[in-house]
Amino acid sequence: MDQQPPPPPRPSEAMEAQAPWRVLEFYSGIGGMRYSLASSGVRVEVVEAFDINDVANDVYERNFGHRPCQGNIQTLTASDLDKYKAHAWLLSPPCQPYTRQGLQKHSADARAFSFIKILNLMQNMNFPPQMLFVENVVGFEVSDTHDQLIEVLSSLNFNTQEFILSPLQFGVPYSRPRYFCLAKHESMCFHNPSVNNKLLRTPTCLTLNSSTTQNSYEQNEDVLEVVCKPIRDFLEIHIMDTVDQDCSATTSDFEKAGGCTPSETGSHDYIVPLSLIERWGNAMDIVYPESKRCCCFTKSYYRYVKGTGSLLATSKDHKPVPKENLEFSSLNELGLRFFSPREVANLHSFPSSFCFPDHISLRQQYAMLGNSLSVAVVAPLLHYLFAEI
């Protein structure tokens, strides 16, 4: 077998000492990974992004001035990817094959095919990446797709460090645990190699200062809530004031609002209709501005109220009480509303500059945010991955 050419030089080996890392972004969505890169402080150049979703690409282009390459990633070849000479690949593949609510078909699910395809392409490349970052739902780590990921990385002499982390561990009042895989070729070293090939549930090792300890990282969710900021810090105040004045909404209003674009959406569109409270009140996760934890927002938020994310109690006349102690009449008096897309983006730690193009409907905004990631979690992981010793 012919000897393969060496990988592209690391920036520190290049003629220009501060040359940026070259990065490919797969399944780029609305830009959560790109924002995480910016927040990480790492000097990078995103040489290309890929996503098949036309609407998500509209959002990405609106915020970054570059439209991702649209099309099926499965059509890419090793030669196509070699042309980019990327040092790192960042991947956030579809999570549906691994969710608890799904069929859990794993690699047999058609939505997993593209990820498996580009993994296998690495073995045929002349200039494979030296680093990989993979994000997915909890459950991916026990899938056969995960087994294939580790098998490919091992065959190419990568070391991995895997994590299951939540924004709660980073001071954000948002429970959204996710799986992360950080991988580096053996020619490069993690700052903390003692946890190579391990799955960790705390971010303690991410600190690049060995003398620094983060004891709060080790706590369970109930304890972490104490150190989190209150939800109030992530809210749009003008919506709070308006909803508290008028807490009436009908199912018809609610259904019409889902198709509204940003310029057409008003504060009243976030009010939970009485009919939904009557039907699903016992299943709702209700939080208050003073709360320090809310549930994960899924892509079905606003379409459904059960198991899709928290609802906010806005009435200033009611203090937080355990949900099991609430009667229907009390629920109706809480001034319940949905979190706005901007507030969901805030809880994902997106910057204030992030926005949706005006043709994106309210339901589309929620769906794309539900498929996105937490910048507060991913940014320090990327900072750690790219750190040089």
Side-chain angles (χ1 to χ4, degrees), residues 6-52 56-57 59-61 63-71 73 76-93 114-115 117-119 121-122 125-136 149 152-153 156 158-161 163 180-185 187-191 206 349-351 354 372-375 377-388:
R10 291 166 59 184
S12 58
E13 298 168 346
M15 292 182 64
E16 183 182 354
Q18 297 301 315
W21 299 101
R22 294 173 62 82
V23 170
L24 284 182
E25 213 186 330
F26 296 92
Y27 315 99
S28 50
I30 59 175
M33 194 76 78
R34 184 77 173 259
Y35 280 128
S36 299
L37 276 171
S39 182
S40 73
V42 178
R43 184 173 168 80
V44 300
E45 176 188 0
V46 177
V47 292
E48 190 53 273
F50 301 89
D51 202 288
I52 198 171
N57 289 341
V59 181
Y60 190 104
E61 184 178 18
N63 288 280
F64 299 104
H66 171 77
R67 190 170 188 84
C69 182
Q70 188 166 329
I73 291 174
L76 293 170
T77 66
S79 176
D80 292 332
L81 295 173
D82 270 330
K83 293 175 184 176
Y84 295 107
K85 295 186 177 179
H87 300 101
W89 288 2
L90 312 181
L91 309 101
S92 186
S114 62
F115 178 61
K117 168 73 181 294
I118 55 178
L119 279 181
L121 287 180
M122 289 177 60
M125 291 177 63
N126 291 324
F127 302 105
Q130 302 167 50
M131 293 177 284
L132 252 74
F133 181 91
V134 179
E135 180 267 352
N136 216 282
L149 167 66
V152 170
L153 292 175
L156 294 173
F158 277 74
N159 289 313
T160 62
Q161 295 186 7
F163 299 85
F180 304 95
C181 176
L182 283 62
K184 275 188 171 183
H185 189 264
S187 61
M188 309 173 72
C189 293
F190 281 105
H191 198 274
L206 299 183
S349 302
F350 276 39
F354 170 77
S372 194
L373 50 77
S374 169
V375 174
V377 178
V378 174
L381 285 168
L382 290 175
H383 181 77
Y384 175 72
L385 173 66
F386 283 93
E388 298 183 77

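None of these values were measured; they are calculated from a predicted model. Residues: numbered from 1 along the sequence shown.
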Excluding sequence neighbours, so at least two apart, what forms side chain to side chain contact (heavy atoms under 4.5 Å, CB included) with [X]?
X: Ala38; value: none
X: Asp82; value: Met125, Asn126, Phe127
X: Glu61; value: Arg67
X: Phe64; value: Arg34, Tyr35, Tyr60

Any side-chain heavy-atom pair from [X] and [Y] closer than 4.5 angstrom?
X: Gln161; Y: Lys184; answer: no
X: Ile52; Y: Ile73; answer: no
X: Phe386; Y: Val23; answer: yes
X: Ser28; Y: Met33; answer: no
X: Pro129; Y: Leu24; answer: no
X: Val46; Y: Leu90; answer: no

Legend entry - Any donor-acceptor N/O pair, His87 side chain to Gln130 backbone, under 3.5 Å: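 No, His87 side chain to Gln130 backbone: no donor-acceptor pair under 3.5 Å.
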Inset, instruction - Look at the side chain of Arg22 and the backbone N and O of Tyr84, then say whether any donor-acceptor pair between them is shorter than 3.5 Å. - result: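 Yes: the side chain of Arg22 pairs with the backbone of Tyr84.
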Heavy-atom pair with the smallest gap, counting every atom of [X] and [Y]:
X: Pro20; Y: Glu45; answer: CB-N, 3.8 Å
X: Pro93; Y: Asn136; answer: O-ND2, 3.1 Å
X: Thr77; Y: Leu121; answer: C-CD1, 3.9 Å
X: Ser372; Y: Phe350; answer: OG-CZ, 3.2 Å
X: Gly29; Y: Asp51; answer: N-OD2, 2.8 Å
X: Met131; Y: Phe158; answer: N-CE2, 4.0 Å

Once you round to the nearest 0.5 Å, how far does [atom1] of [X] lie from [atom2] of [Y]?
X: Ile118; Y: Phe26; atom1: CD1; atom2: CZ; result: 4.5 Å
X: Leu381; Y: Leu373; atom1: CG; atom2: CG; result: 10.5 Å
X: Asn57; Y: Phe50; atom1: CG; atom2: CZ; result: 11.5 Å
X: Lys117; Y: Leu76; atom1: NZ; atom2: CG; result: 7.0 Å
X: Phe163; Y: Tyr384; atom1: CZ; atom2: OH; result: 5.5 Å
X: Leu385; Y: Leu132; atom1: CG; atom2: CG; result: 8.5 Å

Taking only residues two or more places apart in sequence or in another chain, which ones pass side chain to side chain donor-acceptor pair (under 3.5 Å) with [X]?
X: Ser39; value: none
X: Ser79; value: none
X: Asn159; value: none
X: Ser92; value: Glu135

Legend entry - Listed partners of Tyr27 passing ring pair (Phe, Tyr, Trp, His ring centres under 6.0 Å), at least two apart: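 Once residues adjacent in sequence are excluded, Tyr27 has no partner under the ring pair (Phe, Tyr, Trp, His ring centres under 6.0 Å) criterion.
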